[in-house]
Structure formats: structure tokens, C-alpha cells
Amino acid sequence: MHYFDNAATTKPYAEAMHTFNKVNEEYYFNTASIHKAGRDSAKLLEASRKQILQVFGLPHYQCVFTSGATESNNIALQGMLRRKKRFGRTILVSELEHPSVINILDHHQKEGFKVKFIRTTEAGRVDVDHLKSLLDEDVILVTVMAVNNIIGSVQPVEEIREALTDYPKVHFHVDATQAVGKVRFNYDGVDSVSISAHKFHGVKGAGALMLKEIKAAEPIHYGGGHEFDIRSGTVNLPAVTAMAKALRLSVEGMSNDKERLKDFNRMIREEMEALRSITIQPSGVPHIINLSFTGAKGEVVVNALSEKNVMVSTTSACASKRATSNETLTAMGVDKEVIDGSIRISMSKDTTHRDVKMLIRSLKEVYEEIGDVLK
Ligand code: PLP
């Protein structure tokens, strides 16, 4: 199988699986138990917390363990909006956000919050000048992703943080899910940052919310009060320790992978750009390519490639089972026909030269097979 859907999820590192299995066997205790086995497990938990914050260069932040970025985004945004509603009602959000952000805000709009969308440039980046023009005393939240999951555009996180320095009331949330192990950002000063382990070769079911101030967040469900009274429920220690391991490895391996992935990106682009009716979107990271078979349907291309044992996706995995239009491409002003024919190719450290050759060969075969519908 040739796997090109790494933006949906990645294969765990062998080392992360080793950590997961070992902790599952030797430290299966509840980190909230006060006996020695529980306390030893809690020590491991705290070591993982410290290590994760160190890797992000945020030792002065706090880290709440969650089940993944969806939960981290929910805790950050829902709790924050509840706390800040007496200061204002306006939320500024990029048009590029993942459903785990957009759908929270949709819900809050019905409860009287005002959601304003920050415009997107043709390159799929948040327009910082437009953001600045939307800032006023009623704004309490700005939420932007670090790397877009559909085309891989890198967002101006640091520039936005600068733009917000005169607005101390504003909470700045960054969904860094697709950035970890791919692009280095300086998150210092950002109020909250979400991550998800399975996007960087960790195990599914673990994520984190890093917070400048722990009191910025509030629980969205109630229970025994684990994780600073913010996220109740027995902590998934094996997955958390595996996440800490995967995070270190993915950040250490970042520069090695980058050159190889750039070469693969170039190979795919060169071969596909030569074909009529193929449109390739701009990107910012080498491992994501958004490619359109203009005139065809993305699902048809995905299924045809899947028959050849090549796995790609249409949009994001979360949206691809629904017949939604692709918000990122729409925001960039891309034609509907191009959007309808788009597929996402996403690579990782595990992608090989042979995978890329098979992908290119299969893309060309599919191109021939559906040639009569292409514009
Ligand atoms: N945010 C972004 C940008 C994503 O790409 C995803 C997953 O695709 C998520 C959040 C949600 O992550 P999870 O499914 O791990 O909760």
C-alpha cells in the first residue's frame, strides 16, 4: 500500500509504540491514585508534561492532556467564551479553520456571539491587514490555525500575535495540529495552542492544550477533576507518554525529512504540471499537495487511486464523508470545478521514493482513464 493521507493520520513511531506498550504494562495505574503505583504513574505524567512544554519552548505554560485536537479546541474556545462574554461578543476567525473550531463558533453564534471571518489571500494565508481592520474593543477571541490541513499553507501566527499586543483582552488561540514536526513557530505569547498526537506519529486518543494561563480554560464536561479541574476522566498515560516521545522524535527529525519531502514535492509537481486540466494549489509545506483534476470529481479520483493501492483523500478526513464544499479553496477564490476535482496528497517521514513513483504512475493512469471528462 502506498499511503498519502498523512494529514488525516500517521503511522506511530516504533519507539512511541514501545513506550505505549511498556507504560501500559508497567504503569497501568490511575495517575490520581494516592498509593505508590499511582504516584509513580503521576510522576511519569508530569515528566511528559514538562517534556512537551520544553519542546515547544513554553516551560512557563501549562499543559492539559486531552483526547486530541478536537477536544483541545473545544476546551479552549468554549471555556474562554463563557469566561469572557462580559467583556465583548466578537470573535475573529480565519476562513480556513477545521470543523472542530468552526462548528463551536457556529453554535455560539446562536447564543449571541458575533463571528467575523478574516479574509484569506490567494495563497491561502490569513490576511493580517484585514484582521487588523476588524479589531475593536468588542473582540474577545482570535482563532487561527498554524498550518492549513487542506493545502498546507503556513499561517502568519507571529505577525498576528504582534497585531494583538494592543488588545490585551483578546484571547489568541492557535490550532497547531498540522504544524507539529513540520514547521517551527514561536508560540510564546499565544494564549492557547492545540495539538493531536496521531498527526505526528503518536498514538490516537491523546492530545494537549497548552495554556499561557491555566485560568483561561474551563471544563466542558464534569467529573473527578483530573487535569487541573479542566479535563476530568482518567488520564490515558500510555498514549500521553507515547505522545511526548513522538513529539521529541518528530521535532528532531524535522530537518532531515524536509529536504527529502521537498524533492518528492518537486517530482510530483513537475510531472503533474505538465498535464492539461491539472491545477495545483500553492502550499507552504512540502508534505501537502492539493491537486485538481478539473472537470472530474475528487471522490472518483480518490477511489480510482485506491483501486491501485494508492491512498489519498479529497478534503480533510473529517469532512470527506459529507458532501461539503471545500471551505479553504472557496475562501481562496478557487473555481467550483477545480474544487470539485481536488484531491489532497499528504506525505510524511515514512513516504519513500518508491511510493512517490507509484503515486505519479497511478495519477497518470487515472488521468488517462478519466480523460474524456477533463476540461
Ligand atoms: N485541527 C486540524 C487543523 C486538523 O487537521 C484536525 C484533524 O484533521 C483536527 C483539528 C482534529 O484533530 P483530532 O481528530 O485529532 O481531534
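By convention here, the first residue in the shown sequence is residue 1. For ligands, and for the atoms within them, numbers begin at 1 and follow the listed sequence. The analysis underlying the following values was restricted to heavy atoms, covering all of them including side chains, and did not include hydrogens, waters or symmetry mates. Computed from a predicted model, the values in this text were never measured in an experiment.
Counting heavy atoms under 4.0 Å from ligand 1, residue Glu71 does not touch it at all. Using a 4.0 Å cut-off between heavy atoms, Ser196 contacts ligand 1 through its side chain alone, with no backbone atom that close.
Residue His198 has at least one heavy-atom neighbour below 4.0 Å for each of these atoms of ligand 1: 13 (P), 14 (O), 15 (O). Shown in contact with Lys199 at under 4.0 Å from a heavy atom are these atoms of ligand 1, numbered in order with element: 6 (C), 7 (C), 8 (O). Near Asn149, the atoms of ligand 1 lying under 4.0 angstrom from a non-hydrogen atom of the residue are 5 (O).
With sequence neighbours excluded, the residues satisfying salt bridge (Lys or Arg N to Asp or Glu O under 4.0 Å) with Lys336 are Asp340.
Ligand 1 has no nitrogen or oxygen under 3.5 angstrom from a nitrogen or oxygen of Asn73. Residue Ser100 has no N or O atom closer than 3.5 Å to an N or O atom of ligand 1.
By the 6.0 Å contact criterion, CD on Glu158 is enclosed, its count of non-hydrogen atoms from other residues, nucleotides or ligands being greater than 12.
Note that Lys215 lies outside the cation-pi zone of Phe228, set by a 6.0 Å cut-off to the ring centre and a 45° limit from the axis.
In this structure, Leu58 and Tyr187 have side chains that are in contact, with non-hydrogen atoms separated by less than 4.5 Å.
Val203 shares a hydrophobic cluster with Met17, Phe20; the chain of contacts runs through ILVMFWY side chains whose heavy atoms sit under 4.5 Å apart.
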